[in-house]
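As structure tokens, the structure follows; a few thoughts come after it.
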Amino acid sequence: MPCAASRAEAPRSEEQPPQAGAAPAIRQHQVQGQRNLHGHLDTYKMLCAGKKSYFAAAVCIMTVTLMLAVSYLRLQRLSHQPKVIQESRRCRGEIALNTITALEGNKTFIISPYFDDRENKVTRLIGIVHHKDVKQLYCWFCCQANGKIYVSKAEIDVHSDRFGFPYGAADIICLEPKNCDPTHVSIHQSPSGNIDQLPKFEIKNRKPETFSVDFTVCISAMFGNYNNVLQFIQSMEMYKILGVQKVVIYKNNCSHLMEKVLKFYIEEGTVEVIPWPIDSHLRVSSKWRFMEDGTHIGYYGQITALNDCIYRNMERTKFVVLNDADEIILPLKHPDWKTMMNSLQEQNPGTSVFLFENHIFPETISSPMFNISSWNTVPGVNILQHVYREPDRKHVINPRKMIVDPRKVIQTSVHSVLRAYGKSMNVPMDVALIYHCRKALQGNLPRESLIRDTTLWRYNSSLIINVNKVLSQTILQTQN
């Protein structure tokens with residue numbers, strides 16, 4: 001298999017008979033595999049014929065089963081090895097430029113391929129597939145150096161957190177040719193055909209980079225004509241105060257006013273916007289769980305976007321922070337994230353995933369403090385006025401969001417990683433918590449039952465100055 005750490009839970013691609021025009025090497029491996037199986041059956045007759053006792057028979061059966069399994073795994077590994085199928089003077093095919101590219105049949109959607117040599121030399125494509133209908137895919141690598149085209153059978157690993165939807169995030173993993181470092185890859189349902197007709201995808205992360213930033217926040221996905229402008233600006237400025245240099249936003253749509261704010265942060269160099277037109281390809285749900293309503297994928301493909309964000313930033317940031325725009329990880333013992341993470345790593349060697357507990361600060365319960373008149377004309381919530389958090393509920397575990405070392409993550413979900421090389425730890429609430437200002441989950445609780453928590457006010461002076469600067473150059477500038 002191309003990637004040992006990705007074996008568990010991965011749906012097996014069924015072995016299909018070679019199609020017309022397939023490379024002789026593919027048929028050769030299948031014939032060799034059949035010979036190996038016949039050889040093991042002959043061994044079974046030699047070892048087990050004439051054995052009288054049940055114990056001896058059981059030993060014989062176990063031995064032969066093991067031999068057959070080893071032979072099958074060897075055959076599977078051979079079937080995934082890249083094979084030369086064409087020689088060409090140059091690599092053709094149009095380069096895919098969109099964030100989401102539908103393959104023929106609209107059952108497979110490619111986001112982006114990434115070079116991954118943490119176990120084997122593979123190309124890992126982040127994509128979306130129909131969990132039942134997509135059984136077989138092949139990577140076509142064009143090697144400019146020697147003019148050869150290699151085909152490698154893909155392992156299709158649909159992520160386990162699909163929540164009942166027919167489509168889900170998937171890793172499409174292909175072994176790369178040993179004597180070539182391909183810059184582009186094409187994906188097809190067949191190992192034969194014409195590569196000129198297939199879109200080419202640039203393989204990212206081929207060259208290792210030095211970290212340009214310490215913290216990158218991944219926000220997915222912005223949708224529903226998003227217009228919570230004031231809270232978004234406050235979150236961006238809090239992230240910067242806490243040590244963030246880059247925020248990546250997978251944007252489906254937002255209001256015109258929000259577009260102006262995004263433009264400001266893009267020009268400033270803080271925000272990178274990834275277009276996310278997933279509703280042009282699939283019927284999307286704004287819910288995280290399938291409701292039998294004919295939708296294809298949950299929460300605007302959030303899980304796929306988060307996985308893409310981790311790989312997109314794997315070589316350029318020390319930590320990736322996975323949270324929403326209305327969530328802020330507030331350190332209680334440290335002034336910023338860098339100091340906090342240095343301490344957590346020092347105390348927890350070998351840990352690569354740090355999970356922070358989410359706490360709701362209802363937007364319906366407010367304090368009269370920090371009622372800034374110039375902010376009242378800006379759409380959205382003023383987080384400085386919301387310092388009452390809901391108490392924990394009995395028998396309900398608060399969800400968590402994460403700060404991760406991206407180079408140690410293989411697959412992630414929203415509230416936990418699915419596969420990683422390092423350990424995960426739940427960060428104690430006395431070290432940090434997630435300030436999540438949103439609609440109440442316990443809306444019937446009176447103010448007296450809530451917990452007053454003014455941790456956010458420690459940053460009020462810097463936050464007010466920074467927010468006013470942004471507003472004066474965006475929203476308020478237009479209003480004057």
Side-chain angles (χ1 to χ4, degrees), residues 2-3 6 13 80 82 85-86 88 90-117 120-130 134 136-145 147-159 167-177 180-209 248 250 272 274-278 280-282 301 304-316 410-411:
C3 183
S6 299
S13 298
H80 286 80
I85 63 158
Q86 290 180 24
S88 173
R90 64 189 183 92
C91 300
R92 297 183 175 87
E94 290 192 16
I95 295 176
L97 299 175
N98 296 326
T99 311
I100 304 172
T101 303
L103 300 189
E104 185 180 355
N106 290 318
K107 299 285 186 179
T108 301
F109 303 88
I110 303 300
I111 312 304
S112 187
Y114 297 94
F115 176 62
D116 186 353
D117 63 349
N120 295 300
K121 184 172 177 274
V122 303
T123 290
R124 181 187 300 268
L125 295 103
I126 305 299
I128 298 169
V129 303
H130 191 286
V134 180
Q136 196 164 267
L137 292 170
Y138 293 86
C139 290
W140 293 47
F141 296 107
C142 183
C143 294
Q144 288 278 27
K148 293 179 179 178
I149 295 173
Y150 295 79
V151 168
S152 179
K153 186 177 180 181
E155 175 193 352
I156 304 168
D157 187 0
V158 183
H159 293 204
Y167 285 81
D171 291 355
I172 300 162
I173 308 163
C174 292
L175 283 168
E176 292 188 352
C180 165
D181 292 330
T183 57
H184 293 79
V185 63
S186 298
I187 308 295
H188 196 42
Q189 293 96 332
S190 169
S192 60
N194 184 357
I195 195 171
D196 295 357
Q197 306 305 314
L198 302 178
K200 289 192 306 185
F201 300 90
E202 181 185 0
I203 302 171
K204 298 181 174 69
N205 296 354
R206 173 66 65 187
K207 296 177 181 178
E209 302 176 34
V248 180
Y250 287 72
E272 177 185 359
I274 309 296
W276 194 244
I278 190 167
S280 300
H281 302 282
L282 294 168
T304 308
L306 290 175
N307 279 273
D308 181 72
C309 196
I310 283 177
Y311 280 90
R312 187 179 293 266
N313 294 283
M314 191 169 278
E315 297 296 333
R316 57 190 189 187
I410 302 170
Q411 291 179 358

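These figures come from a predicted structure and were not determined experimentally.
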Should [X] and [Y] count as side-chain neighbours, where that means a heavy-atom distance under 4.5 Å?
| X | Y | result |
| --- | --- | --- |
| Ile274 | Arg312 | yes |
| Asn307 | Ile111 | no |
| Glu155 | Val122 | no |
| Arg206 | Thr183 | no |
| Asp171 | His159 | yes |
| Tyr167 | Thr304 | no |

Atom [atom1] of [X] and atom [atom2] of [Y]: how far apart are they, to the nearest 0.5 Å?
| X | Y | atom1 | atom2 | answer |
| --- | --- | --- | --- | --- |
| Ile173 | Lys153 | CD1 | NZ | 14.0 Å |
| Ile100 | Ile278 | CD1 | CD1 | 5.0 Å |
| Ile410 | Ile310 | CD1 | CD1 | 11.0 Å |

State, to 0.1 Å, how close [X] and [Y] come at their nearest heavy-atom pair, and which atoms those are.
| X | Y | value |
| --- | --- | --- |
| Leu175 | Phe141 | O-CE1, 3.4 Å |
| Lys121 | Pro182 | NZ-CD, 4.5 Å |
| Trp140 | Tyr138 | CD1-O, 3.7 Å |
| Thr101 | Ala96 | OG1-CB, 3.8 Å |

(message) Taking the six-membered ring of Tyr114 as reference, does the cationic atom of Arg124 (NZ for Lys, CZ for Arg) lie under 6.0 Å from its centre and within 45° of its axis?
(response)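 Negative - Arg124 is either too far from the ring of Tyr114 or too far off its axis.
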Taking the side chain from [X] and the backbone from [Y], do they hold a donor-acceptor pair closer than 3.5 Å?
| X | Y | result |
| --- | --- | --- |
| Tyr250 | Cys309 | yes |
| Ser186 | Pro199 | yes |
| Gln189 | Glu104 | yes |
| Asn205 | Glu315 | no |
| Lys107 | Val129 | no |
| Thr99 | Pro275 | yes |
| Ser152 | Cys174 | no |

(message) With side-chain contact (heavy atoms from CB on, under 4.5 Å) as the test, pick out the partner of Ile110 among Ile187, Val185, Leu137, Ile126.
(response) Ile187
(request) List the steps, then state whether side chain to side chain contact (heavy atoms under 4.5 Å, CB included) holds for Ile128 with His281. (result) CA-CA 11 Å; Ile128 298 169; His281 302 282; over 6 Å; no
(message) Using the rule given for side chain to side chain contact (heavy atoms under 4.5 Å, CB included), can you reason through Tyr311 versus Lys204, listing the C-alpha separation, both sets of side-chain angles and the distance that settles it, and then say yes or no?
(response) CA-CA 9 Å; Tyr311 280 90; Lys204 298 181 174 69; over 6 Å; no
(message) Less than 4.0 angstrom from a charged side-chain N to a carboxylate O is my criterion; do Arg316 and Glu209 meet it?
(response) no
